[in-house]
**Student:** 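My questions all concern the structure below.
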Amino acid sequence: MVAMMSLVPGEGVPRRLGDDPQADSDPGETAEWLDALDSTLQHCGPQRARFLLEQLQAHARELGLEQGVQAFSAYRNTLSVEQQGAYPGDLELEERITSLLRWNALAMVVRANHAYGDLGGHIASYASAAEIFEVGFQHFFRGESGAEQRSADLVFFQPHSAPGIYARAFLEGRLSEEQLARYRQEVAGNGLCSYPHPWLMPDFWQFPTGSMGIGPLNAIYQARFMRYLHNRQLLDTGARHVWGVFGDGEMDEPESIAGLTLAAREQLDNLTFVVNCNLQRLDGPVRGNGQIIQELEALFRGAGWNVIKVLWGSEWDALFARDSEHVLLRQLAATPDGQFQNLGAKDGTYNLEHFFNQQPALQKLVEHMSSEEINALKRGGHDFRKLYAAFAAARACKGRPSVILAKTKKGYGMSAAGESRMTAHQAKKLDVQALLAFRDRFHLPLSDSQVEQLQFYRPAEDSAELRYLRERRAALGGPLPARRSDVRPIAVPALEAMGGFALQADGKEMSTTMAAVRMLSAWLKAPELGPRVVPIVADEARTFGMASLFRQIGIYSPQGQCYEPEDAGSLLSYKEARDGQLLEEGITEAGAISSWVAAATSYAVHGEPMLPVYIYYSMFGFQRVGDLIWAAADQRARGLLLGATAGRTTLGGEGLQHQDGSSLVMASMVPNCRAWEPCFAGELAVILEYAARRMLSEQRDEFHYVAVMNENYPQPSLPAQVHEEVLRGMYRYVEQRVAAAQGRVRLLGSGAILREVIAASELLARDWQIASEVFSVTSFSELAREARDMDRASRLGQDGAGVSHLQRCLQGSEPVIAASDYVRAWPQLIAEYVQAPYVTLGTDGFGRSDTRQQLRRFFEVDRFSIVLASLHSLVRQGSVERQVLDQALERYGHGSRAAPWYN
Ligand SMILES: Cc1ncc(C[n+]2csc(CCOP(=O)(O)OP(=O)(O)O)c2C)c(N)n1
C-alpha cells in the first residue's frame, strides 16, 4: 500500500518547461529528458516508452530515489481512443432502454413519496450509475442459466441504486407493475425492499450491501473463496466473475479497503470493482478540496490492482487530441472535486467562463464550441463506449484484480431538481415541471398526463427494446440478480462418532475448546462432510490448540509453499498448500468473517454446501465485526462461529480488552443466530451435531454461535435422556436434597460458571440446610425464544399454545438464581417468563487481570456470591431469617467493588 500522500489538485500533470521554476534548476536538461521520451513514444510506440520508464523507475529505486514518485496518472482516461475498439452493441437502442430505466426508477421513488411522504428512497445514485449498470447488464454480467451447476457472475449492487435494478427487472418481465408500485411497502406482501436483502426477496437479491463498506470486502472474499473451491478441486469456478459497483464515498469505509492487498496478493483476476465516482456522497463532495479519483487510483495501484480510469466521454476526444501542450489536462488536474461538482451543476456558459476561459490557451482550444456543445461534454461514466472498453479491459486483465474508476454526475438528468447539487442524495420528490423536463431530456414516449401521473412505462412485448433486452440477457445466460437456494442435503456424522469421547467423558479433564477442536477433527475425517468443512482462524490457531491442523489439512495458499518452513522437521510443521483446507487469515477479523460468509453462503451462491467453522477470541467477534455478522444473517448464512476464550472470568490474566462478557447478548439479537453457552463437552457435542444437522441436512437458514472456554476441568458424562433438553436450552443437572430443609432454591448456571453454581448448591446444603435444584442452561436465548413464541400464541388465543420448556422446568414459587460469566442481560433474557422471584448474577463492567478465582469473586459470580444471593432471596420471601444471611456474610465476606466505573 502506498504511503498516504496529500493529493493536491494539479499533481500528476505532465510538467512542461517553466511550470515550476523553483523546482527546476536546469530547464534545458529537463527539456532534453522530456524530448527524449516524446521521441521514443513517437518513433517506437507506447510499449517501448513504458518499458524505458519502468527501467528508469527500477534504477531510481536502486539508487534510493523512488520517494515522491506519484502513484497516480494524469487526469484522463486510462485507455486511449485507439485502445477503445468498436462498440459491440446497438448504442441507440441501449440509450433508449437506459432512458426508460431512468424514468421507471425515478417514478417508483417519487410515487412512493408523493403517496406516503416518508418512505424514502433515492433517485440520484442510480441516475449517476445507469450507464455503468447497463454496460454490465448488456455485455458483461453473466446470469444464471438455470442449469444444475451455478454459472452466474456474482454482482454486488450499490444499495441505493436498487430502484434502477427493479426498473430493469420490470422491463424484463420479472417484476410486475404492482410490485413497482409497492416499492418500500413490504408488510402487506409483494412489495420491494429498499435495499438488496435475501430474506425479503429471496429469489432476487444475493448480497446485502445496504451497510456501506460491507459489499467491497465481501466481494473480495467471495472472489477468493471461488478460487479456494477451484484450487481444492471441489468446483470448477473458472468462468465466473465477481463484479462490485460501489460508491466513491463508500470507499472511505475502512472495510472497503481492508481486503485490497489480499485481492492483489492472491491474483484475483476474477474480480472487478467499478467505483461510481460521482464525486459526491450524502452531505456533499467526497473530497471537496482534493480529487477522489486520483486518491483512489494511488490507493488501488499501491495495493497492486489494475486501475482503469474512465473520466471523459467521447465528446472530449477531439479536445484532448488537440491539447498538444496539455493545457486542458493541467486545468483538469488543477480543479478540485468541489469545483467539478459546481461546474457539473451549471450550464455551458458558466463552464466556459469559469473553466475554459480561465486561461488563454484553453480558451483557444474551445473557441469553436458553443455553450450548448460545452454543455454536452459528458463525463466518461455516462459514455457506453468508454465504459465498455474499460469493462472489457478489466475482464481481460490477467494476474490481478481490476478497478474501474468511472467519473459520473450525481443526479444525472435531474437538472435543477438534483443534478450535481448538494442536496441530490435526498431528492425524492420532483415537481411536475422537473418531471416534464426529465421526460424531454431523455426523449421519453410519455404524454404530459402520463408524466403527471407518474405512470410506469414498459414498451410492447415485441418492441425492439424488449427484444434486444431479452436477447442480450439470453446471450449472457439469464436474468440477474437472481438467488438460488436449491441444494442437496449433506449427511453429517452421527453424534456418537464425532462426540462419543465427550458424551462418555467420565470425569476426564479438558476444556470445551479442546473438545471442540477434537470434534472438528472428527468432522474433517467424515467422508461426505469432511472436505466441506472450512476451518477459519485469524492468527489464533495455536492459541486454540489447532496447530496440528496445519500439517493435517494444510493452510490454503494459491502459491503453495515457496519456502522451507523453519519447523520443517516437526510433526506439526507449518504447511501452506494450493489445496490447503484451513483458511489462516492473519490478523483481520473483518477478513476472516468475510471468508466465513463466503463459505456460509456457498450453498446458495455455488450450490455447494460448506460448513465454515470460524474460531476466534469471542471478544473480537460480535463486538468487533458485528455489522458484518449482521450482513451474514441477512444473506442467510449457514455456518458455525466458535467464540473461544469466552467469558469474562475464564480468561485469567488477559485483562479488559480480551475478556468477553457481552457477545452472547449481541448474538441473541440476531434473528437467525442460535447462541449457546455450554459448560460441558458432552453438551457441546450435542449442540454441534444438532447445528450441523439443521444447517446441512435439514437446510435451515440459520447459523450457530457457540461460546467455548479455555478452562480445564473434569467433564462428566452426559446421559442420553437429557440431550433433547440440552437443545431446548436447559436441563436439570443435579438435585441437592436436604432433610428438614430451611428453604429451597433453583439455581441456574451457564458456561464455566455452572461449576460455581454446583459448588454453591453443595455449600447451601451443607452449611445452611437449603435444598436446591441445579440446572445447566445451555442457551438463555433459546429458552427465551420459545417462551416468547408461546406467550404470543397464548395472548392471541391460539390453540395449543402450550407451556414452554422454561416454564415446565421452573414451576413453583421458590426463588430462582441465575449466574453467568456474561453480563446480567444474558440471564435476564428469560426474566419475563420466570414466575418465581428471579435474581441474576453477571459480570457487568470492564474486565481486569487476575486469577479466575479472584475475578469471579470480584464480579460476584463465585460460589459464595451465589450462596449469598440465594439466602437473600429466601429472606425476601420470608422463608429464612435475616440473621442467617448476616452469618453467611460474615463467613464469606464480600468483594469490594472499588472500580471507578461503579461510582
Ligand atoms: C455504514 C453506513 N453508513 C452510512 C450509510 C448511509 N448512507 C447511505 S448512502 C450514503 C452516501 C453514499 O455515497 P456514495 O458511496 O458516494 O454513493 P452515491 O450515492 O454518491 O453514488 C450514506 C452515507 C450507510 N448506508 N451505511
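Atoms within each ligand, like the ligands themselves, are counted from 1 in listed order.
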**Student:** Is it true that, when you exclude R174 itself, more than 12 heavy atoms of the residues, nucleotides or ligands shown sit nearer than 6.0 Å to its CZ?
**Tutor:** yes
**Student:** Near G249, which atoms of ligand 1 are under 4.0 Å from a heavy atom of that residue?
**Tutor:** 14 (P), 15 (O), 16 (O)
**Student:** Starting from atom 22 (C) of ligand 1, which protein heavy atom do you reach first, and at what distance in Å?
**Tutor:**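 Result for atom 22 (C) of ligand 1: L282 CD1, 3.9 Å.
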**Student:** Heavy-atom contacts with N278 under 4.0 Å: which atoms of ligand 1 show up? List them by number with element.
**Tutor:**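 Contacts of ligand 1 toward N278, numbered from 1: 18 (P), 20 (O), 21 (O).
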**Student:** To the nearest 0.1 Å, how far is atom 19 (O) of ligand 1 from its closest protein heavy atom, and which atom is that?
**Tutor:**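 Sorting protein heavy atoms by distance from atom 19 (O) of ligand 1 puts S125 OG, 2.6 Å first.
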**Student:** Can you tell me which portion of E253 lies within the under-4.0 Å heavy-atom range of ligand 1? Options are side chain, backbone, both, or neither.
**Tutor:** side chain
**Student:** Are H139 and F391 close enough that their ring centers fall under 6.0 Å?
**Tutor:** no
**Student:** Would you call E589 and Y614 a side-chain contact if the rule is heavy atoms closer than 4.5 Å?
**Tutor:** yes
**Student:** Can you find a protein heavy atom under 4.0 Å from atom 1 (C) of ligand 1?
**Tutor:** yes
**Student:** If the condition is side chain to side chain contact (heavy atoms under 4.5 Å, CB included), which residues does A667 pass it with, not counting sequence neighbours?
**Tutor:**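 If we apply the side chain to side chain contact (heavy atoms under 4.5 Å, CB included) test to A667, skipping adjacent residues, the hits are F622, C673, A675, Y705.
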**Student:** Is the centre of the F620 ring less than 6.0 Å from the centre of the Y617 ring?
**Tutor:** yes
**Student:** If we only count heavy atoms from C-beta on, is the I629 to F703 side-chain gap below 4.5 Å?
**Tutor:** yes
**Student:** Which atoms of ligand 1 sit under 4.0 Å from any heavy atom of M212?
**Tutor:** 1 (C), 2 (C), 5 (C), 12 (C), 24 (C), 25 (N), 26 (N)
**Student:** Show every donor-acceptor pair shorter than 3.5 Å between a side-chain atom in residues 205-214 and any protein atom, with sequence neighbours excluded, or say none if there are none.
**Tutor:**
residue	atom	partner	partner atom	Å
W205	NE1	Y166	OH	3.0
T209	OG1	F157	O	2.7
S211	OG	D627	OD2	2.5

**Student:** Can you tell me which portion of N276 lies within the under-4.0 Å heavy-atom range of ligand 1? Options are side chain, backbone, both, or neither.
**Tutor:**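 It is the side chain that touches ligand 1; the backbone stays farther off.
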**Student:** Check each atom of ligand 1 against the heavy atoms of H425 and keep those under 4.0 Å away; list them by number with element.
**Tutor:**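 With H425 as reference, the close atoms of ligand 1 come out as 9 (S), 10 (C), 11 (C), 19 (O).
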**Student:** Looking only at protein heavy atoms, identify the closest one to atom 15 (O) of ligand 1 and say how far it is in Å.
**Tutor:**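 Looking at atom 15 (O) of ligand 1, the protein heavy atom closest to it is E250 N, 2.9 Å.
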**Student:** Looking just at side-chain N and O atoms, do Q158 and S125 make a donor-acceptor pair shorter than 3.5 Å?
**Tutor:**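 No, no side-chain donor-acceptor contact under 3.5 Å.
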**Student:** Could you tell me which atoms of ligand 1, counted from 1 in the order shown, lie closer than 4.0 angstrom to a heavy atom of K410?
**Tutor:** 18 (P), 19 (O), 20 (O)
**Student:** Are the side chains of W243 and F156 in touch, meaning some heavy atoms are under 4.5 Å apart?
**Tutor:** no
**Student:** Between Y457 and L444, is any pair of side-chain heavy atoms under 4.5 Å apart?
**Tutor:** no
**Student:** Is there a polar contact, in the sense of an N or O pair closer than 3.5 Å, between V286 and ligand 1?
**Tutor:**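 Between V286 and ligand 1, no N or O pair is found under 3.5 Å apart.
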**Student:** Compare G411, S211, G210 and give the one whose heavy atom is closest to atom 25 (N) of ligand 1.
**Tutor:**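 Selected option, by shortest heavy-atom distance: G210.
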**Student:** Going by heavy-atom distance to atom 9 (S) of ligand 1, choose the closest among H160, H122, M251.
**Tutor:** H160
**Student:** If the contact criterion is a heavy-atom separation under 4.0 Å, does Q158 count as touching ligand 1?
**Tutor:** yes
**Student:** Below 4.0 Å, non-hydrogen atoms only: which portion of Q280 touches ligand 1? Side chain, backbone, both or neither.
**Tutor:**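 Only the backbone of Q280 comes within reach of ligand 1.
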